[in-house]
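Notes follow once the structure below has been shown.
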Amino acid sequence: MSTRHSVKVRGGVAAVAAVVLAITVAGCGGGDDKPKAAPGPSSAKSQGDSSKPQTSSGEPKPAQTEVLATVNGEQGMTLTINSAARDAGGFLTISGQLKNTGSQAFGSTAAWRGNELNSSGSSVAGVTLVDKAGKKRYYVLRDTEGRCLCTTGLTIIEAGQTVPFFAQFPLPPASTNQVDFNMPTFATATVKISG
């Protein structure tokens with residue numbers, strides 16, 4: 001192989017890597033401290049406007065009235081799952097909302113990131129899915145820099161505040177139609193997969 005051909009191959013690999021990184025970064029959002037939400041209810045819903053849900057471009061919108069599961073956590077936190085959708089890209093995206101039904105601000109979000117090092121910061125990277133029939137556990141996907149493909153920036157949730165969340169997982173087999181969703185400090189929720 002000539003040196004010229006070798007350079008073209010390396011350049012092609014670099015171009016492909018750049019495109020994959022750009023798509024991944026676009027899906028994860030920036031590095032600010034606001035909660036991120038890919039598919040799922042927007043923060044507008046938490047302010048009372050449920051007529052126009054906003055999602056990332058190209059992502060499916062869950063039905064606003066659909067509730068697949070609701071579980072309680074510590075200090076008045078409630079987790080509602082609105083969607084568990086198979087995506088065309090080979091992912092399973094779980095989305096919904098976290099609500100602080102307590103009378104005080106909730107700041108104990110560190111447990112939600114699980115054993116995550118600091119690459120994702122405050123996040124829901126500690127959530128897992130369990131396919132009991134297939135006897136498999138699925139962890140949140142990571143981008144090329146090790147950051148979770150999930151909601152980040154969750155530090156304090158004020159009393160009465162609702163924030164959207166999402167997490168993307170490897171796609172279970174087509175024969176799997178439900179999974180157990182486990183988020184640290186919350187009860188386990190059994191969720192039916194759509195699509």
* I would like to know whether T188 and D180 meet side-chain hydrogen bond (donor to acceptor under 3.5 Å, both in side chains); could you show each step before the answer? => CA-CA 6 Å; T188 299; D180 284 348; over 6 Å; no

Minimal heavy-atom distance between T190 and A69, with the atoms involved, is O-CB, 4.1 Å

Closest heavy-atom pair, P170 versus Y139, reported as atoms and distance to 0.1 Å, is CD-O, 3.4 Å

Separation between OG1 (T152) and CH2 (W112), nearest 0.5 Å, reads 13.0 Å

Heavy-atom nearest pair, P184 first then G126, reads CD-O, 3.6 Å

Looking only at heavy atoms, the pair that brings I156 and A105 closest together is CG2-CB, 3.9 Å

**Prompt:** Is the backbone N or O of T93 less than 3.5 Å from a side-chain atom of R86, with the two atoms forming a donor-acceptor pair by type?
**Reply:** no

Between Q178 and K192 the two heavy atoms that sit nearest each other are CB-CA, 4.1 Å

Quick check: does any side chain N or O of T151 sit under 3.5 Å from a backbone N or O of S123, one acting as donor and the other as acceptor?
no

When you measure from the side chain of N82 to the backbone N and O of E66, does any donor-acceptor pair fall under 3.5 Å?
yes

Report yes if some heavy atom in the side chain of V140 is under 4.5 Å from a heavy atom in the side chain of V127; otherwise report no.
yes

Which of parallel (below 30°), tilted (30 to 60°) and perpendicular (above 60°) describes F165 and F181? tilted

query: Heavy atoms, side chains only, cut-off 4.5 Å: are V124 and M183 in contact?
result: yes

Please step through side chain to side chain contact (heavy atoms under 4.5 Å, CB included) for the pair F166 and I94, ending with a clear verdict. CA-CA 6 Å; F166 83 98; I94 307 285; over 6 Å; no

**Prompt:** Does the pair L98 and F106 meet the rule for a side chain to side chain contact (heavy atoms under 4.5 Å, CB included), with working shown?
**Reply:** CA-CA 11 Å; L98 292 157; F106 181 82; over 6 Å; no

Verify, without hydrogens or angle tests, whether D131 (side chain) and K135 (backbone) share a donor-acceptor contact under 3.5 angstrom. no

Open item on the list: Main chain of G76, side chain of N72: is a donor-acceptor contact present, judged purely on distance under 3.5 Å?
Closed with: no

Taken to the nearest 0.5 Å, the spacing of L68 CG from S194 OG works out to 7.0 Å

### Message
Count I, L, V, M, F, W, Y as connected when their side-chain heavy atoms are under 4.5 Å apart, and connections chain through other members. Are M77 and V71 then in the same cluster?
### Response
yes

The side-chain hydrogen bond (donor to acceptor under 3.5 Å, both in side chains) partners of T128 (sequence neighbours excluded) come to R137

Mind running side chain to side chain contact (heavy atoms under 4.5 Å, CB included) on V179 and V130 for me, showing each step along the way?
-> CA-CA 6 Å; V179 289; V130 175; over 6 Å; no

On a heavy-atom basis, the closest approach of T185 and A111 is CG2-CB, 3.8 Å

| query | Would you say the side chain of I81 lies within less than 4.5 Å of the side chain of V67, judging by non-hydrogen atoms? | reply | no

Less than 4.5 Å apart, side chain to side chain, heavy atoms only: is that true for T78 and T70? yes

Say whether, by atom type as modelled, one donor and one acceptor occur between the side chain of D87 and the main chain of G90 under 3.5 angstrom. no

Under a single-linkage definition using a 4.5 Å side-chain heavy-atom cutoff for Ile, Leu, Val, Met, Phe, Trp and Tyr, are L129 and L171 assigned to the same hydrophobic cluster?
yes

Taken to the nearest 0.5 Å, the spacing of I157 CD1 from K99 NZ works out to 12.0 Å

